[in-house]
Amino acid sequence: MSINIAYGNGLGTPTTFLVITVALALFAVAFGGMAQYVERPGSFYAYICAGLGKPVGLGASFLTLLAYAVLSLGFYGYAGVATAAFVIREGGPDVQWWVWSLFFWAVVGTLGYLRIDISAKVLGVALFVEVLAVLIFDAVVFAKGGPEGVSATVFTPDQFFSGQVGLALVLAILFFVGFESTAIYRDETSQPGRTISRASIVSVVLIGVFYTITSWAVITGLGTSQAVKAVNDDLAGSFFTVSERYIGAGFNDVTSVLLLTSIAASHLGLQNMMSRYVFNLAKDGILPKPLASVHGRHDSPHIASLTTSGAMLLGAGVMAALGMKGEDVYSWFAGASSAPIAFALSLTSLAALAFFARVQSSAAIWRYRISAALATAFLLLCVTIALMNLPSLMGGSAGFRNGTLIGFSGVFIVGVVLAVVLRARRPEIYARIGREEA
């Protein structure tokens, strides 16, 4: 949230979250519709194959997997920095960020290897405690009113369109990453069509309301007229400044610990999504067959999870060996993932639009068509904005930014070309792409 307030549209941040919530709720309606008609796991991968064809679907799967990996590397940088700051504040040793990132890696890798219900329980408990703490924060701040009282000016058009509203919208999308994971667990879910549809919509709405209210509370706690300056002066600590001011140092210690558990939960969610993308691609014959192995006792894609963990260790190790600061790893890589993630979302909604255009019309089908059309238009706008604001989204040199953009584009093209080659030379594998029939 602090990043949106500082670098996005300032006081308009709560409205930004509302707008993104509406847009992604429309996406979730179409996404849920696809879950009921396309009875295959793979999320974006399977749905894009069904709507736009296997070449585009395979390209999108490669792109999405890389985007998740890049975002995960960014989170490892943030985990290291946040943990180091907490340990130093509590009187512990001052060590390199990557030492703490390695600890997170071990925890996430272990939980990702085990049964999905174990991960779900860990995520569920962590999420419940974190949400409860933030709701207490929101309630106390609004009850006390902040130094200037509770103001609704954050919801005015003038504030929404202030600053870099386009950049704010793109950054806000990253806060919702993970809601689409409901479809990845299709094979591990009872009544998947109905469950995925409902879970996707509910997740988007709850996430959106949560960030809308909490960003408003932070602005209120800092004082509406001073909030933007205060956040810019202390980007990482503005939330804790407000919590200590209105609730106390003890609560601040609790929220500091919960910040670390929320980072771990985010890591675990990304780990599970990446490993299941790898598993599904291997199941379809695109990646080596051993990656599609299922653990005999844990019933998890353990080889895919171990491979994902190895890739993350290698990536973070390279960043550490290059002497990069944890802050740079986070800002560069999290920002770099925004455009490809928005592009994958837009391709999925476009695929839903194309798919339902071929389905016999009914009231439900028209609902899916309209939702997909509106979501596609909005998400393509976000992709355009992200590409126009790469210097603001990513740090580093122009060469790094251009190289990253070329890398993402290249991975997508490789997937498309590979599918075309398989169609000509290995039709039996091509027929399995997206778990579809020839």
Discussion item. Is there a side-chain contact (heavy atoms from CB on, under 4.5 Å) between Leu258 and Val134? Walk through the geometry before answering.
Written reply: CA-CA 10 Å; Leu258 291 178; Val134 174; over 6 Å; no
Worksheet entry | Asn4 and Ser215: CA distance, side-chain angles, deciding distance, side-chain contact (heavy atoms from CB on, under 4.5 Å) verdict | CA-CA 9 Å; Asn4 280 54; Ser215 60; over 6 Å; no
Worksheet entry | Intermediate values then yes/no, side-chain contact (heavy atoms from CB on, under 4.5 Å), Phe239 and Leu259 | CA-CA 11 Å; Phe239 175 90; Leu259 170 64; over 6 Å; no
Practice prompt. Using the side-chain contact (heavy atoms from CB on, under 4.5 Å) rule, take Val416 and Phe62 through it: C-alpha gap first, then chi angles, then the decisive distance, then the call.
Written response: CA-CA 9 Å; Val416 173; Phe62 286 6; over 6 Å; no
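Taking all atoms of both residues into account, the shortest heavy-atom contact from Ala342 to Ile173 is CB-CD1, 4.4 Å. Of all heavy-atom pairs spanning Leu291 and Ala282, the tightest one is CB-CB, 3.6 Å. Taking both residues in full, the closest heavy atoms of Ser305 and Ser275 are given as CA-CB, 3.7 Å, listed atom of the first, atom of the second, then distance. Annotation for Ser72 and His267: closest pair O-NE2, 3.8 Å, computed over non-hydrogen atoms. Smallest separation of non-hydrogen atoms from Val38 and Ala50: CG2-CB, 3.8 Å. Of all non-hydrogen atoms in Val204 and Ala28, the two that sit nearest each other are CG2-CB, 4.2 Å.
Under the 3.5 Å distance criterion, the side-chain polar atoms of Ser300 are matched with a main-chain donor or acceptor of Tyr113. In terms of modelled atom types and a separation under 3.5 Å, the side chain of Thr13 and the main chain of Gly10 share a donor-acceptor contact. Side-chain atoms of Ser338 never come within 3.5 Å of backbone atoms of Ala334 as a donor-acceptor pair (strictly under, hydrogens ignored). Looking at Lys54, its side chain never comes within 3.5 Å of a backbone N or O of Gly434 through a donor-acceptor pair.
Using a 4.5 Å heavy-atom cutoff, the side chains of Pro301 and Val278 are not in contact. At a threshold of 4.5 Å between non-hydrogen side-chain atoms, the residues Val81 and Tyr330 do not count as touching. In this structure, Trp97 and Val329 have side chains that are in contact, with non-hydrogen atoms separated by less than 4.5 Å. Between Leu102 and Leu313 there is a side-chain heavy-atom pair separated by less than 4.5 Å. A 4.5 Å side-chain heavy-atom check between Val154 and Thr220 finds every atom pair outside the cut-off. Side-chain contact check for Leu11 versus Ser162: every heavy-atom pair is 4.5 Å or farther apart. Within the 4.5 Å cutoff, no side-chain heavy atoms of Met319 are placed close to those of Tyr76. Inter-residue side-chain proximity for Phe343 and Thr64 is flagged as unmet; no heavy-atom pair is nearer than 4.5 Å.
Partners of Lys229 according to the salt bridge (charged side-chain N to carboxylate O under 4.0 Å, His left out) rule, which considers only residues two or more places apart in sequence or in another chain, are Asp233. For Arg89, there are no salt bridge (charged side-chain N to carboxylate O under 4.0 Å, His left out) partners two or more places apart in sequence or in a different chain. Judged as a side-chain hydrogen bond (donor to acceptor under 3.5 Å, both in side chains), and not counting sequence neighbours, the contacts of Ser243 are Asn252.
Distance check, rounded to the nearest 0.5 Å: CG of Leu111 to CG of Asn272 gives 8.5 Å. Atoms CD and CG, on Gln164 and Leu169 in that order, are 11.5 Å from each other to the nearest 0.5 Å. To the nearest 0.5 Å, the span separating OG on Ser346 from CG on Leu353 amounts to 12.0 Å. Rounded to the nearest 0.5 Å, atoms CZ (Phe137) and OG1 (Thr255) are 8.5 Å apart. Rounded to the nearest 0.5 angstrom, Leu58 CG and Tyr45 OH are separated by 6.0 Å. Taking CZ of Phe355 as the reference point, atom CD1 of Ile48 lies at 13.5 Å (rounded to 0.5 Å).
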For residues 402-415, which side-chain N or O atoms pair as donor and acceptor with protein atoms under 3.5 Å away, sequence neighbours left out?
{"residue": "Asn402", "atom": "ND2", "partner": "Ala398", "partner atom": "O", "Å": "3.2"}
{"residue": "Thr404", "atom": "OG1", "partner": "Phe400", "partner atom": "O", "Å": "2.8"}
{"residue": "Ser409", "atom": "OG", "partner": "Leu405", "partner atom": "O", "Å": "2.9"}

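Between His295 and His302, the angle of the ring planes goes over 60°, which puts this pair in the perpendicular group of the 30/60° scheme.
A donor atom on one side chain and an acceptor atom on the other are not found under 3.5 Å apart for Thr308 and Gln271. Side-chain contact of Thr261 with Glu130: a donor-acceptor pair under 3.5 Å is present, judged by distance alone. No hydrogens or angles considered: a donor-acceptor pair under 3.5 Å links the side chains of Thr16 and Asn9.
Sequence neighbours left out, the pairs with a member in residues 196-219 that pass ring-ring contact (aromatic ring centres under 6.0 Å, His included) are Phe17-Tyr211, Phe142-Trp216, Phe155-Trp216, Phe175-Tyr211. Note on residues 6-22: no pairs pass salt bridge (charged side-chain N to carboxylate O under 4.0 Å, His left out), not counting sequence neighbours.
Aromatic pair Phe31/Tyr47: centroids less than 6.0 angstrom apart.
Of the residues listed (Leu379, Val22, Leu26), the one engaging Leu374 in a side chain to side chain contact (heavy atoms under 4.5 Å, CB included) is Leu26, and it is the only one.
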